[in-house]
Amino acid sequence: MFEQIITGILASLQPFNLGLLFFGSFLGLLVGALPGLSSPMAISILIPFTYGMNPVSALMLLVGIYVGTKTGGSYSAILLRTPGNPAAAATSMDGYAMATRGKASEALCISIVASFYGGMLSWVVAAVLVGSLATFALRISAEDMAMICLLAITLVAALSEKDVLKGLISAALGLVIASVGVDELTGDARLTFGQYQLLGGIPFLSAIIGLFAVTTVLRDVAKPRKQEEILDQVRLKWRSLLAVFKLHRSMNVGLLVGIWTGIAPGVGADTAGWLSYASVKRHQKRGSPDRDPDWDLAEGVAAPESANNAEAGGAIVPMLALGIPGNGSTAVMLGALMLYGLQPGPLFFQNSPDVAYGILAAMGMANITTLIVAALMIRPFVAILRVDRSILFGCVLALAMVGGFAGTNSTFDMAVVIVFGILGYLMESYGFSIPALTLGIILAPLIESNLRRALMISGGDPSTFVTSPLSAISIAVMVAIALFHVRSRIRDRAATMANTPPV
Amino acid sequence: MQKAVYHEAATMVILVCVAALVFVETSGFATAPGQISPAFFPRLGAGAMVALATIRLGSLWLTQYRPQLEFDWSWAATRRPATAVFLMLGYYAAFGILPFPLLTFGFLAAAFWTFGVTPWHRNLISAAFAAGLFYVVFDRVFRLPL
């Protein structure tokens, strides 16, 4: 395994791949810095343009974007108090406070180094864990795999959204949408309504572009934001970059929180950021009253930034080893791998070791390239934050349309982008979950094939799902989540009734 | 608050109708003995939708659950997203008929105006610059058949 990781690293050092990593990091930082743009959006729009590339090279670009957005979100969080992405929300608390005290440069340097620290160390952990998990996953039976995938969907629905029921409905809708097309076992056309363009299924890439890119723009243009003043005089301070390592304790808190939240599907980098921020603040409250306020603010930036980059490393583990994405960006990357004809999962490291270890190596290298680009381009990125968001949104819509067309050179895919954009906008407006829907679409083929296999092996006996230990545990956790949700609902209702004055 | 209840109920009813459509569309598959029907999986998803939507409808009625979210359908709230959708539909309809640079320029200029880019000359210059960039990148570099 070690030799293969080295091979992956050497592949990423080839000039073309290294160039793609740097370019991806640059794009990721840009996308992360600009509020309203997101990593899944950028990745989904760029996928069609990577079709002509070798899968390893294409993934270099996409992984670079993924890692870059984690760091980039802190720019607008610190300078504008507007996180570039949800993962940087916790950073905006103390980051903006530092900026108002004239320490914007120091805050940015802390975020850059803490991001590198969390991302790099979580990559080491991921590299160790992923091989063991993939080996273990080979022993997972069909019924176990089906239930684990359903559990992943349930976790995403339950943990990431306020309304669990709507999250589950979104996931169920995703399962139905993924059923459109020709059944791979029997060859029957399902839910095509006589449309030949749907025989191959709903174009996955166009659906993702619609759900992430178009939905985000439609949602954000509905409520125009006033662009706030940007603080000038921001520049790279080399001494600050090196001094950040004194904050290793808070960065380690972020690292630990981030790795575990990344591995658990659905928890997300924003949760990782807030958990680590809260942990650091709780520790500060218990400390002496003579604490240095600037040091406390610095810790409040270092911990969440380390956490949200560590989450990226953690999320790669289930994606590569099990074929189950941990967050929206890995869901889109998983979709990209499927479009390239690859299937992440237990056999991925055996069947496509060059791609699997290439992705793993790219994650590590992307942290280094992001550190370099972020450090050198602080001032240009700050200048880019002045670009009118309305112009960005218009360009994103045009990119989405062209990106949808570029997938198969078909205007039908463009129509799919529009339809899913509208669907995503309405779903979000009514409190449904786009990540759960996306996960349902992505995992549906895996769930269906494993369910069918399990039932065929057992001769149609559904008790196979409770006799297998992993499957039974997954079902038990899903039931526990459902009961917990019901209990919370009953409690909330009792509290509401108690607070309502009698008539 | 009452409007939110009606919206919630209507949404759940629509989902039940979609699920019913799935059940109808997936009837009539011939299945060999020992094989799982192609209708099994879509019906599993549709069945889950019906069950969950029914639970929500039940909670609206029986436990007086009151949703917090309410979509504002007024023109003031939906003007920009609706206009953006119409612009995209127009782009889709005219794609392949109008030359790509001209079509993209028109789309971007209209989108920028909708989203609030002012004054008009800044709008047009930005649209022209962006359309030119799109043309160079997608037509010349990526060689898409635009």
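In what follows, chains are A, B, ... by sequence order, proteins preceding strands, each numbered from 1. Note that these values count all heavy atoms, side chains included, but never hydrogens, waters or copies made by symmetry.
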Quick check for you: among [options], which has the greatest number of heavy-atom pairs under 4.5 Å with chain B?
| options | answer |
| --- | --- |
| I177(A), L397(A), V417(A), L455(A) | L397(A) |
| V180(A), V402(A), T192(A), L185(A) | V402(A) |
| L173(A), I447(A), L399(A), L426(A) | L399(A) |

- Query: Side chains of W113(B) and S390(A): closer than 4.5 Å at any heavy-atom pair?
  - Reply: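 No, every pair of side-chain atoms sits at 4.5 Å or beyond.
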- Task: Check the angle between the aromatic planes of Y430(A) and H7(B) and answer parallel, tilted or perpendicular using the 30° and 60° thresholds.
- Result: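 Plane angle between 30° and 60°, so tilted.
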- What is the distance from atom CZ of F115(B) to atom CZ of F393(A), rounded to the nearest 0.5 Å? 8.0 Å
- Message: Distance check, rounded to the nearest 0.5 Å: L168(A) atom CG versus S433(A) atom OG?
- Response: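 Those atoms lie 9.5 Å apart.
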Chain A contact via [X] - which portion, at a heavy-atom distance below 4.5 Å:
| X | result |
| --- | --- |
| A77(B) | backbone |
| L52(B) | both |
| L44(B) | side chain |
| F29(B) | side chain |
| T114(B) | neither |

Given the options [options], which has more heavy-atom pairs under 4.5 Å with chain A than any of the others?
| options | value |
| --- | --- |
| L133(B), I55(B), N123(B), L108(B) | L108(B) |
| F107(B), F95(B), Y91(B) | F95(B) |
| A51(B), P42(B), A111(B) | P42(B) |
| T26(B), V18(B), V85(B), T78(B) | V85(B) |

For the pair [X] (side chain) and [Y] (backbone), establish whether a donor and an acceptor sit closer than 3.5 Å, ignoring hydrogens and angles.
| X | Y | value |
| --- | --- | --- |
| T215(A) | F212(A) | no |
| R190(A) | P38(B) | yes |
| D139(B) | Y135(B) | no |

Side chain, backbone, both or neither of [X] within contact of chain B (heavy atoms, under 4.5 Å):
| X | result |
| --- | --- |
| T411(A) | both |
| A444(A) | both |
| A482(A) | neither |

- Message: Taking CZ in F100(B) as the centre, count heavy atoms belonging to other residues, nucleotides or ligands within less than 6.0 Å. Is the count above 12?
- Response: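 Counting other residues, nucleotides and ligands, CZ of F100(B) exceeds 12 neighbours.
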- For the pair M456(A) and L451(A), evaluate side chain to side chain contact (heavy atoms under 4.5 Å, CB included) and give the outcome as yes or no after the intermediate values. CA-CA 9 Å; M456(A) 282 201 280; L451(A) 273 178; over 6 Å; no
- Identify the heavy atoms of S170(A) and F432(A) that sit nearest to each other, and give their distance. OG-CB, 3.4 Å
